[in-house]
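Quick notes on the structure that follows.
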Amino acid sequence: MGNMATEIIAFLLTISGWILISSTLPTDYWKVSSVDGTVITTATFWSNLWKTCVTDSTGVSNCKDFPSMLALDAYIQVCRGLMISAVCLGFFGAILALVGMKCTKIGGSETTKARITCLCGLHFILSGICSMTACSLYAHRITSEFFDPLFVKQKFELGAALFIGWAGSVLSILGGFIFCFSMTEGFSIREYSYNGATSFISTRTKITKMGKNPETPQKDPPDQSFTGRKFGRNAYV
C-alpha cells in the first residue's frame, strides 16, 4: 500500500513537470527587453524559439517569425530539438506509468509492472534533463551577451519561460527517480519465489535421507492366504 502511494505521488510530480515543460515550448517570453521613456515603458521586445516581437505602450504587438531554420543560430536549433524531445519523452513516460503502476489492472505480473515503472522513470529523467539543458543553454547565451562589454546590440534578460522550464525539469527528474526506486518491490517478489523453491527442494532432500522417497514405488506385503498350500510335483493340500 505504501509503495502504491509513492507511485501516485511520483505520477503527480512527473505529470506536473511534463505539463510545465509542454507549456514552456510555446510561451512568448524566453527573453525580454524594454525601452524606457521618461515616464512609461515605450516598447517591450521579447523573443522565444519561434519568433521575435515588439509590444508598444498601447499593447499592440508586431511579431516576425524566424525566416529560415537553416539561417537560425545554432543554440536556438539545439533548444528546439531538446524541448521537443523532452515533450515526447514525457508523453511516452506517462503512458508507461499508467501501464506499470500498481493501481492499474494492466501490465502483467508484479515483476513486469516494476520493470515498466522503472522504464517510465528513465523516460521522465531524460525528459527533465533535455528541458533543463535547453533552458540553461538559452539562459547562458542571454547572460553572456548581457555581461559582454563588447556586445553592442540590444541586450535581453531572462524571461518567465525559462523559470517555468527549470521548475518542470526538476519535478520530472524528481518523480522519475521515485519511479526507479519503486522497482525494488519487483526484486523482492522474485526473491520470495526463489526462497520458496529452495525450501521445497530441501524438504524433498530430507524425505529422501529418511528412506521415504516419494518417487520409489512401495512394495505390497506378500499375500498370506496361500501360505498353507504348496504346489509342485508332490502337491498336497
Side-chain angles (χ1 to χ4, degrees), residues 6-33 46-53 63 65-101 104 107 113-147 156-184:
T6 303
E7 288 182 349
I8 293 175
I9 294 175
F11 181 75
L12 294 177
L13 289 175
T14 51
I15 291 299
S16 300
W18 178 66
I19 292 174
L20 290 177
I21 292 173
S22 300
S23 64
T24 301
L25 191 60
T27 302
D28 295 332
Y29 295 99
W30 278 66
K31 60 181 181 180
V32 61
S33 178
W46 50 272
S47 178
N48 58 12
L49 298 178
W50 315 102
K51 59 186 177 180
T52 179
C53 301
C63 297
D65 295 332
F66 293 134
S68 173
M69 185 182 69
L70 299 178
L72 288 175
D73 294 332
Y75 80 98
I76 296 181
Q77 297 184 20
V78 172
C79 290
R80 280 183 177 181
L82 289 174
M83 291 302 297
I84 293 174
S85 300
V87 173
C88 293
L89 287 170
F91 174 76
F92 290 112
I95 295 177
L96 292 174
L98 294 175
V99 175
M101 292 177 63
T104 59
K113 290 174 73 69
R115 292 174 179 174
I116 295 176
T117 303
C118 182
L119 184 60
C120 152
L122 292 177
H123 274 74
F124 279 114
I125 291 173
L126 292 177
S127 175
I129 291 175
C130 289
S131 175
M132 184 171 291
T133 303
C135 294
S136 300
L137 180 62
Y138 200 93
H140 177 265
R141 181 61 179 261
I142 295 173
T143 53
S144 62
E145 291 179 352
F146 187 86
F147 292 106
F156 289 86
E157 298 181 0
L158 303 180
L162 297 177
F163 298 97
I164 297 174
W166 280 324
S169 302
V170 172
L171 292 177
S172 294
I173 294 174
L174 181 60
F177 275 116
I178 296 176
F179 271 131
C180 290
F181 290 150
S182 66
M183 188 181 178
T184 55

* Asked: Among all residues two or more places apart in sequence or in another chain, which pass the side-chain hydrogen bond (donor to acceptor under 3.5 Å, both in side chains) test with S136?
  -> W166
* To do: Identify, with sequence neighbours excluded, every residue that meets disulfide bond (SG atoms under 2.5 Å apart) alongside C53.
  => C63
* To do: Look only at the side chain of S22 and the backbone of W18, and say whether a donor-acceptor pair between them is shorter than 3.5 Å.
  => yes
* Asked: Who are the salt bridge (charged side-chain N to carboxylate O under 4.0 Å, His left out) partners of E145, not counting sequence neighbours?
  -> R141
* Can you name the residues that form a ring-ring contact (aromatic ring centres under 6.0 Å, His included) with F66, not counting sequence neighbours? -> none
* Sequence neighbours left out, what passes side-chain contact (heavy atoms from CB on, under 4.5 Å) with I19? Give chain and number order. => I15
* Exercise: identify the closest heavy-atom pair between A10 and G175 -> CB-O, 3.7 Å
* To do: Please report the C-alpha distance between K51 and D28 in whole Å, then the side-chain angles of each, then the deciding distance to 0.1 Å, and finally whether the side chain to side chain contact (heavy atoms under 4.5 Å, CB included) criterion is met.
  => CA-CA 8 Å; K51 59 186 177 180; D28 295 332; 4.0 Å; yes
* To do: Kindly write out the residues that satisfy ring-ring contact (aromatic ring centres under 6.0 Å, His included) with F92, not counting sequence neighbours, or none if the list is empty.
  => none
* **For the student: nearest non-hydrogen atoms of A161 and T24, plus distance** => O-CG2, 3.2 Å
* **Closest non-hydrogen atom pair between P26 and S23, with its separation** => CD-O, 3.3 Å
* Structure fact -> When rounded to the nearest 0.5 Å, the distance separating CG of L98 from CD1 of I116 is 11.5 Å
* Asked: Can you name the residues that form a ring-ring contact (aromatic ring centres under 6.0 Å, His included) with W30, not counting sequence neighbours?
  -> Y138
* For G176 and F124, which heavy atoms make the closest approach, and how far apart are they? -> CA-CB, 4.2 Å
* Asked: Does OH in Y75 sit with more than 12 non-hydrogen atoms of other residues, nucleotides or ligands closer than 6.0 Å?
  -> yes
* Could you tell me the separation between the SG atom of C88 and the NE2 atom of H123, rounded to the nearest 0.5 Å? => 10.5 Å
* Mind checking side-chain contact (heavy atoms from CB on, under 4.5 Å) for S16 and listing every partner two or more places apart, or none if nothing turns up? => L171
* Would you say S47's side chain and K31's backbone share a donor-acceptor pair under 3.5 angstrom? -> no
* **Contacts of Y29 that satisfy ring-ring contact (aromatic ring centres under 6.0 Å, His included) - sequence neighbours left out** => W46
* Any chance CD of Q77 has more than 12 other-residue heavy atoms, nucleotides or ligands included, within less than 6.0 Å? -> yes
* Structure fact -> Between W50 and L25 the two heavy atoms that sit nearest each other are NE1-O, 3.2 Å
* **From F179 atom CZ to T6 atom OG1, the distance as rounded to the nearest 0.5 Å** => 10.5 Å
* Using the test side-chain contact (heavy atoms from CB on, under 4.5 Å), find all partners of V78 that sit at least two apart in sequence or belong to another chain. => L82, L137
* R115 side, atom CZ; T117 side, atom OG1 - distance, nearest 0.5 Å -> 12.0 Å
* Asked: Can you list every pair that meets salt bridge (charged side-chain N to carboxylate O under 4.0 Å, His left out) and has a residue in residues 69-81, with sequence neighbours left out?
  -> none
* Would you give the length of the straight line joining atom CD1 of I178 to atom CG of L12, rounded to the nearest 0.5 angstrom? => 10.5 Å
* **OG1-CD distance between T14 and E7, expressed to the nearest 0.5 angstrom** => 11.0 Å
* Provide the closest heavy-atom pair for A97 versus C120 in the form atom of the first, atom of the second, distance. => CB-SG, 3.4 Å
* To do: List the steps, then state whether side chain to side chain contact (heavy atoms under 4.5 Å, CB included) holds for V170 with M132.
  => CA-CA 8 Å; V170 172; M132 184 171 291; 3.9 Å; yes
* **Partners meeting side-chain contact (heavy atoms from CB on, under 4.5 Å) with S131 (sequence neighbours left out)** => I21, M83, A86, C135, S169
